[in-house]
Amino acid sequence: MTADSGASGNIATGENDSNGNSKRKRFVKVVEVDAPNNMDLDAYIANYKGHTKVNRLEFIADRCPSLQIDALKLAITELRNTSTLNVSRYINLVKKLNEAVKSGAPGSNNVSPELLNVDKAWADSQLQKAKQQADLLEGELKNYKRNSIKESIRMGNIELGNHYYDCGDLASAHRCYSRTRDYCTTSKHIIELCMNVIKVSIELGNFPHVSTYVVKAETTPEIAQDKDLIKAKLKAALGLANLDQSKYSSAARDFLSIGEELVGHQYGDVISANDIAIYGGLCALASFSRAELKRLVIDNVGFRQYLELEPHIRDLIQGFYNSNYAVCLDIMEKWRNDYLLDIHLHSHVEALYTNIRKKALVQFTSPFLTVDLTKMAKSFSTTVPALEKELVSLIIGGQIEARIDSQQKILWAKQTNKRSAIFERTAVMGQDYEREAKGLVLRIQMINNGLIVKSPASEKGPAGAGAGPGGNDDYDLGPGGPVFPHMRHGGRPGRDAPMFADARSNVSSFLSNFSRDRHRA
Amino acid sequence: MAPNDPSFDEIISKIQSCSDTTAVTKTLAPFLNNLSEQVFVARSHGQTDPIDALSPALHSFAYLYFLVYRCKASHGFHPSLLEKVWAFVTSCDGEQVRLASDKALSFAEALVKMATESSQPIIAIRPLAVFIKRIQATPGQLTMIHPLLAKTCLLAQSFKDIIPILDNDISDVNPSLTHIDYKDFLLYHYYGGMIYAYLKKFERAVEFFKLAVSAPAEVASAIQIEAYKKYVLTSLLHYGRVLALPKYTANAVHKCIKLHCIQYTEFAAAYEKRPNSVIKSEFERIKPVFQRDKNLGLVKQCMEALHRRNIQELTRTYLTLSIEDITSTIGLGSEPDGARRVEGIINRMIESGAIFATISHEHTGGMVSFLDDPNQHNNTITMDMINERIQKATAITSNLAAMDQTISTMPSYISKVC
């Protein structure tokens, strides 16, 4: 998880990718070259605003050579248009664009020269502006602090946080936002605090933090205005956090319970309505049972609106529910590349796809007594040996109750004889009981008789050492290693008194616990 | 014969006059202890052997004294002495012998020494096995002879006589009667486990090692640590995984295991979960440790059992599978004789009832069909088995309840609780 979250957090700097991620990146690039995807970059990116827009564009540029130039162009234009204060980022992107053009990426012919050159005057003025603004805000904040007016300090911190956020200094922004915590007086303030922290944490990739603050916000009583919208945003953020931690079932539930509030990309600085459909749909398919799928996804009126935006996800879910697996797998394959270019989804695509495939296999076999493997392989568009391997892993994992006739290539549902199983279990249980009870009685006797392994010091007590045959050296037959009769010295002085309390509680707890433990096992 | 020693006739008459236990402990024991060794060893010229005047059944206590010193003094094998030993162990009075249990142990040790010297361990094993049965107060009682016998058997690799003793679980330990200490308990179970492992009765071996490891302890004993190592291996061999130790296993033992048996735990972890190749590399890595601990043989058997375990797993996933496929699945595909070996393994598994299957050679290479357990549990055997288990369980439960009752009414328990 750390590698993934680190990756999404590091997009802004784009340099310190961890090893695991660079590997994935290479893999993705290979895919991109020979397979064009369904993405319309302009339409896709129009759904976002703020930092995430540039982040996503840069993410795509890093991974997809065919879209690299376009994405970088859009990103730079976006930065110029919003007159960003994050100048280093601007310079960085221009550098990247230059490199891309030099290496002759597709579309490098129609890049206007003004985008290729760093607009030095503008950059300097922006830097100047950022510095002035920071100084001004810090001065004001100091002033407020001196006068110790709570509300002003809070506002000052938020403004300073906003400024750092605009400059791309996320760590400082996070610090400023967190500092307002002490000055929150109403529930509205707390919500504001939470939303700010969540926004920054998502961008930093610090998802455990996101979940904490979502919970904090959700437990805040009496949210006055925009109650539904805030709830929806919180759900979306929590969904992202769960997705990041590969808790697909929880993530699916979060995305599905967002309601209709975000259909118009109201949370565009984090997630678009299309994303909600995709993330929610895929997570649900990968983790829900058939009944849950019907109840929580297909019959979910709120979620249907999102699905309308991404019709292929709707078809995918319908196809899966109607056991039309060939269609499903086909859709999934077609859209794989798109998902690999998604800033949040990319590292989970493989896991989600494997889960969905496994569930499809299980669902396919469940109603039948026998299944012809050749036919099954056809509907999953794979070969029989490959399918056999998949099935074997599922059978070993206990997800399918069946056995394979590899001679005739038929899958037989397993007929378990419950009666026999019960008899076998009974026999084992009886033996266990006998053994455990005997062991316990013997143990109590040993304790009562002082047959306890002791260190030599305490052994010379009244237990009567020396009278017995022990203590002579010709007993070390088996242990070839060093004879170290006692590992640790300094045992407590010999306890002669029988440990009645111990013994008694042992016996009675054994009597009462045995059957219960066995039932559970 | 030393001048101040009484004459044989005096001794004999003294011995014959003491017939009940109080007389034996009060007067006879000090009297015999004061006599010098020569008295017991020597035989008077021209007269009958004093020992012949005693009956091994009636005067077991004194008879034992004579035998101890005679066995000690004897070098090598004397049929006449052995005859007396045999007469003694078959007819002696256990109660009297228990009064001199230290002498009984010296007798056993001397006998073993004698047997080893004449390299015929059987002359010690057979009498000792009988002797144990005579001196046990209850059938499940642990005596001081137990570990000695187990060790002798193990060294002689002769197990016929000790198996009935081993098969009878220890249920009674009473140091005041038998002068045993914890080492006897640990050693007996350690050696017993080794004997069972040697005979490939791994289930019992696991039981025995477990008893040794989980014995109450304030500090860990080396025997327990060694027993744990063997416990891990036999458990892997029989169950394919390491059974959890009982909850009451001493903390000190747990700590020591963590310190001294890391390699074993690592090997077990690999064996339980990882693919064959990983287990093999772990095996190669830890091999020197196994060799040092003299456990390599068991580990090698574990590696063999791996194939059996893999085949057993296949029965869960397949109905039919060609031998060729089995060979490659369990990782013997690269070996020249793999398929033949696999067929041999399967044959043996079918014989031993570990799997239910048939092999058909209609197709090239052979096809194995795995079947279900034909035992439907609808016969009298099952009923008898269940009944027997129920009876045993009820007996134990009533035993436990009685113990519970006894303890709860003990004054010291009540004073401690209230």
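We name chains A, B, ... by the order of the sequence lines, and we start the count at 1 in each one.
Among B/Asp169, B/Leu319, B/Thr382, the residue with the largest count of heavy-atom pairs under 4.5 Å with chain A is B/Leu319. Chain A forms the most heavy-atom pairs under 4.5 Å with one residue out of B/Thr315, B/Leu259, B/Asn399, and that residue is B/Thr315.
Distance check, rounded to the nearest 0.5 Å: OH of B/Tyr248 to CD of A/Glu436 gives 7.5 Å. One finds the CG atom of B/Leu243 at 9.0 Å from the CG atom of A/Asp432 (value rounded to the nearest 0.5 Å). Rounded to the nearest 0.5 Å, atoms NZ (A/Lys409) and OG1 (B/Thr320) are 8.0 Å apart. The CE atom of B/Met367 sits 8.5 Å away from the CD atom of A/Gln408 when rounded to the nearest 0.5 Å. Residue B/Glu313 holds its CD atom at 6.0 Å from CD1 of A/Ile396, rounded to the nearest 0.5 Å. Interatomic distance, B/Arg389 CZ to A/Met429 CE, rounded to the nearest 0.5 Å: 12.5 Å.
Of all heavy-atom pairs spanning B/Ser214 and A/Arg443, the tightest one is O-NH1, 3.7 Å. The minimum heavy-atom distance between A/Tyr433 and B/Leu400, with the atom names listed, is OH-CD1, 4.3 Å.
Side-chain atoms of B/Thr317 and A/Arg403, non-hydrogen and from C-beta on, never get closer than 4.5 Å to each other. Residues B/Leu211 and A/Leu442 are in side-chain contact: their nearest non-hydrogen atoms beyond the backbone lie under 4.5 Å apart. Here the side chains of B/Val219 and A/Val453 are in contact, with some heavy-atom distance below 4.5 Å. A heavy-atom distance below 4.5 Å is not found between the side chains of B/Ser171 and A/Lys438.
Counting heavy atoms of neighbouring residues, nucleotides and ligands inside a 6.0 Å radius, atom CD of A/Glu424 exceeds 12 of them.
Looking at B/Glu207, the atoms closer than 4.5 Å to chain A (heavy atoms on both sides) all sit in the side chain, from C-beta outward. Contacts between B/Ile386 and chain A at a heavy-atom distance below 4.5 Å involve the side chain alone, from C-beta outward. Contacts of B/Ser106 with chain A are absent, with no heavy-atom separation under 4.5 Å from either backbone or side chain. With a 4.5 angstrom heavy-atom cutoff, B/Ile170 touches chain A via backbone and side-chain atoms both. With a 4.5 Å cut-off on non-hydrogen atoms, A/Thr426 touches chain B through its side chain but not through its backbone.
The pair B/Glu203-A/Arg435 counts as a salt bridge, with a side-chain nitrogen and a carboxylate oxygen less than 4.0 angstrom apart.
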| request: Give the intermediate values and the outcome of side chain to side chain contact (heavy atoms under 4.5 Å, CB included) for residues B/Tyr318 and A/Ile395. | output: CA-CA 10 Å; B/Tyr318 286 100; A/Ile395 294 171; over 6 Å; no
